[in-house]
Amino acid sequence: MASRLEVKSLRRAPGFLIASLALWWQARRSPGVLGLALKAEMLKGVFWTYSAWDDKAAIYAYAGSEPHRSTVARKRKVMRDATFVFFTAPADELRLSWDEISRRIAEQRDSAAPEAQIR
């Protein structure tokens with residue numbers, strides 16, 4: 001799973017980063033996680049995530065648990081845009097470059113699937 005999250009204002013970026021780091025730590029301890037990464041482009045107000053999970057059930061269990069659930073509800077108000085991409089990959093292909101992640105997200109954004117974007 002990969003995501004691109006953008007805040008409405010650069011003054012929201014520090015708080016969003018702090019919240020993102022807390023969720024990153026939560027995800028690291030979540031059942032089913034195989035690996036994860038977070039990239040923050042603070043001067044653009046853009047945050048990227050990439051995570052590998054055993055299955056979608058593990059992702060949804062993490063997303064529905066606290067503090068993830070309430071943090072997302074709070075931070076949704078400061079977000080301009082969010083795009084999520086779900087895909088499957090063999091275990092030997094779990095390490096993707098940020099360029100590849102960006103390409104997959106751009107492809108998803110270009111398709112303008114309503115369920116993939118928050119605007």
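Residue pairs that meet the ring pair (Phe, Tyr, Trp, His ring centres under 6.0 Å) test with at least one member in residues 11-35, sequence neighbours left out, are Phe16-Phe47. Sequence neighbours left out, not one pair with a member in residues 18-39 passes salt bridge (charged side-chain N to carboxylate O under 4.0 Å, His left out). For residues 6-22, the side chain to side chain donor-acceptor pair (under 3.5 Å) pairs, not counting sequence neighbours, are Arg4-Glu6, Glu6-Arg80. Pairs of residues two or more places apart, or lying in two chains, that qualify as ring pair (Phe, Tyr, Trp, His ring centres under 6.0 Å) and include a residue from residues 53-77 are Trp53-Tyr62, Tyr62-His68.
For Ser3, the side-chain hydrogen bond (donor to acceptor under 3.5 Å, both in side chains) test picks out Thr49, with sequence neighbours left out. Residues satisfying the salt bridge (charged side-chain N to carboxylate O under 4.0 Å, His left out) criterion with Arg69, sequence neighbours excluded, are Glu66. By the side chain to side chain contact (heavy atoms under 4.5 Å, CB included) test, Asp55 is found to be paired with Ala57, Ala58, residues two or more places apart in sequence or in another chain being considered. Taking the ring-ring contact (aromatic ring centres under 6.0 Å, His included) definition, one finds that Trp48 meets it with nothing, sequence neighbours left out. Under the side-chain hydrogen bond (donor to acceptor under 3.5 Å, both in side chains) criterion, Glu100 pairs with Arg103, Arg104, sequence neighbours left out. With sequence neighbours excluded, the residues forming a side-chain hydrogen bond (donor to acceptor under 3.5 Å, both in side chains) with Ser65 are Gln26, listed by chain and number. Scanning for side chain to side chain contact (heavy atoms under 4.5 Å, CB included) contacts around Leu34 gives Ala52, Asp54, Leu94, with sequence neighbours left out.
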Checklist line | Check against side-chain contact (heavy atoms from CB on, under 4.5 Å), Phe84 and Leu5 | finding: CA-CA 9 Å; Phe84 303 91; Leu5 310 161; 3.9 Å; yes
Notebook entry, point to check: Run the side-chain contact (heavy atoms from CB on, under 4.5 Å) check on Tyr50 and Leu96 step by step: do they pass?
Noted result: CA-CA 9 Å; Tyr50 173 53; Leu96 297 179; 3.5 Å; yes
Notebook entry, point to check: Should Lys56 and Phe86 be marked as a side-chain contact (heavy atoms from CB on, under 4.5 Å) after you check the CA-CA gap, both sets of side-chain angles, and the distance that decides it?
Noted result: CA-CA 9 Å; Lys56 272 194 173 181; Phe86 294 88; 3.9 Å; yes
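To the nearest 0.5 Å, atoms CD1 (Ile59) and OG (Ser51) are separated by 5.5 Å. Distance CG/Leu36 to CG/Leu23: 11.0 Å, rounded to 0.5 Å. Atom CZ of Arg109 and atom OG1 of Thr83 lie 4.0 Å apart (nearest 0.5 Å).
Remark: side-chain polar atoms of Thr71 are paired, donor with acceptor, to backbone N or O of Pro67 under 3.5 angstrom.
Val78 and Leu10 are not part of a single hydrophobic cluster, where members link through side-chain heavy atoms under 4.5 Å apart. The cluster map of Ile, Leu, Val, Met, Phe, Trp and Tyr, joined by side-chain heavy atoms under 4.5 Å apart, puts Val72 and Met79 in different clusters. Residues Leu43 and Val7 are members of separate hydrophobic clusters, defined by side-chain heavy-atom contacts under 4.5 angstrom among Ile, Leu, Val, Met, Phe, Trp and Tyr.
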